[in-house]
Amino acid sequence: RVCCSRISAFPMAPASGLGITTTLRLPAGGEKPLLSWVRWHLGLGFDHAFLFFDEPRPDGADDAWAPVGAREVRARWAPERVTVVHRTAEQRAWQRARCSAWAEFGPHADDEVQARQVLNAEQAMALALAPERALRWLVHLDIDELFYLEPPVARAGEEAGAAGEE
């Protein structure tokens, strides 16, 4: 059994240009797997993680409310490494206005997690391409999946970049 919480960072090339995104909803007390997931991917060489928390804000919740795991992530990683996005009316309005997939998936976003995943991945892509990040690659994985390579992922990014230039 591999325990990601004991893994130290792999040697990384600076600015691999790789980002990773996921849509997640955790049960109470479920933050440890999330923290391991983020630690693993950032340690592997991903420059940035985009986390879309799928739990909607409860009616009447105050501004201090956060889904399971969101506070813990914010306490451990700077916004330059990890972006936390909550499922809110404002987020849906952003997606409605900017996501090309909205026409097809938007009508199903309230009921279907797969529709939200597509829209969240498109939003993550827009965030990844922002000038302050300028990521070249974005990987979408579920929270129960890990990206695994034996060499540091930055080297894989270089190889992928070279393949794209052919």
Side-chain angles (χ1 to χ4, degrees), residues 4-5 15-148 153 157 160 164:
C4 297
S5 64
S16 66
L18 298 169
I20 191 161
T21 187
T22 192
T23 298
L24 64 135
R25 188 172 190 171
L26 301 172
E31 51 279 321
K32 284 185 180 181
L34 168 63
L35 299 177
S36 291
W37 190 92
V38 174
R39 185 180 305 109
W40 170 264
H41 291 100
L42 294 180
L44 192 61
F46 283 88
D47 290 322
H48 200 89
F50 300 93
L51 307 177
F52 288 82
F53 286 85
D54 199 42
E55 186 175 350
R57 182 182 302 271
D59 291 337
D62 61 19
D63 289 340
W65 178 87
V68 173
R71 282 192 186 94
E72 293 80 2
V73 166
R74 284 192 170 120
R76 285 170 175 76
W77 290 282
E80 295 80 23
R81 296 299 310 276
V82 179
T83 297
V84 172
V85 179
H86 297 271
R87 184 176 166 195
T88 63
E90 294 81 15
Q91 183 218 14
R92 285 294 169 251
W94 189 99
Q95 291 178 342
R96 187 178 301 108
R98 294 177 180 90
C99 289
S100 63
W102 182 264
E104 183 175 352
F105 293 98
H108 308 287
D110 287 339
D111 302 319
E112 298 291 332
V113 69
Q114 293 86 355
R116 292 190 299 276
Q117 285 177 315
V118 169
L119 295 167
N120 292 344
E122 188 172 346
Q123 185 175 356
M125 193 167 30
L127 296 170
L129 293 172
E132 65 271 17
R133 289 195 192 90
L135 298 175
R136 296 179 60 211
W137 298 91
L138 183 65
V139 174
H140 179 281
L141 292 178
D142 289 341
I143 196 68
D144 62 343
E145 301 168 336
L146 293 175
F147 191 86
Y148 177 78
V153 77

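Small disclaimer: the values here were computed from a predicted structure and weren't measured. Every heavy atom of this structure was used, including side-chain atoms; hydrogens, water molecules and symmetry mates were not.
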Under a 3.5 Å distance rule, please check whether [X] uses its side chain to pair with a backbone N or O of [Y] as donor and acceptor.
X	Y	value
R81	F46	yes
R133	L127	yes
H41	F147	yes
D142	D144	no
D47	G17	yes
T21	A124	no

Practice task
Indicate yes or no: at least one non-hydrogen side-chain atom of L42 is less than 4.5 angstrom from one of V82.
Solution key: yes
Problem - Note, L24 side chain near E55 side chain (heavy atom, < 4.5 Å) - result: no
[atom1]/[X] to [atom2]/[Y] distance, rounded to the nearest 0.5 angstrom?
X	Y	atom1	atom2	result
E31	R71	CD	CZ	11.0 Å
Q123	F52	CD	CZ	4.5 Å
T23	R116	OG1	CZ	8.5 Å
H86	W65	NE2	CH2	7.0 Å
E72	L35	CD	CG	6.5 Å
E132	E80	CD	CD	10.0 Å

Practice task
Dump the intermediate steps for side chain to side chain contact (heavy atoms under 4.5 Å, CB included) on W102 and R92, then the final yes or no.
Solution key: CA-CA 10 Å; W102 182 264; R92 285 294 169 251; 4.1 Å; yes
Practice task
Taking side-chain contact (heavy atoms from CB on, under 4.5 Å) as the test, write out the residues that go with D59, two or more places apart.
Solution key: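 D59 satisfies side-chain contact (heavy atoms from CB on, under 4.5 Å) with no other residue.
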Using every non-hydrogen atom in the two residues, find where [X] and [Y] come nearest and quote the distance to one decimal.
X	Y	answer
L119	A109	CD1-CB, 4.0 Å
A70	V84	CB-CG1, 4.2 Å
T22	L141	OG1-O, 2.7 Å
E145	W37	O-NE1, 2.8 Å
F53	P67	CB-CG, 3.6 Å
P56	R25	CD-NH2, 3.9 Å

Fill in the blank from the handout: Hits for salt bridge (charged side-chain N to carboxylate O under 4.0 Å, His left out) against R87, two or more places apart or cross-chain, chain-then-number order -> D54
Practice task
Using the side chain to side chain contact (heavy atoms under 4.5 Å, CB included) rule, take F50 and L135 through it: C-alpha gap first, then chi angles, then the decisive distance, then the call.
Solution key: CA-CA 12 Å; F50 300 93; L135 298 175; 3.8 Å; yes
Problem - Q114 and F105: CA distance, side-chain angles, deciding distance, side chain to side chain contact (heavy atoms under 4.5 Å, CB included) verdict - result: CA-CA 9 Å; Q114 293 86 355; F105 293 98; over 6 Å; no
Problem - Steps toward side chain to side chain contact (heavy atoms under 4.5 Å, CB included) verdict (L34, L51) - result: CA-CA 10 Å; L34 168 63; L51 307 177; 4.1 Å; yes
Fill in the blank from the handout: When Q91, M125, H140 are each screened for side chain to side chain contact (heavy atoms under 4.5 Å, CB included) with N120, the one that passes is Q91
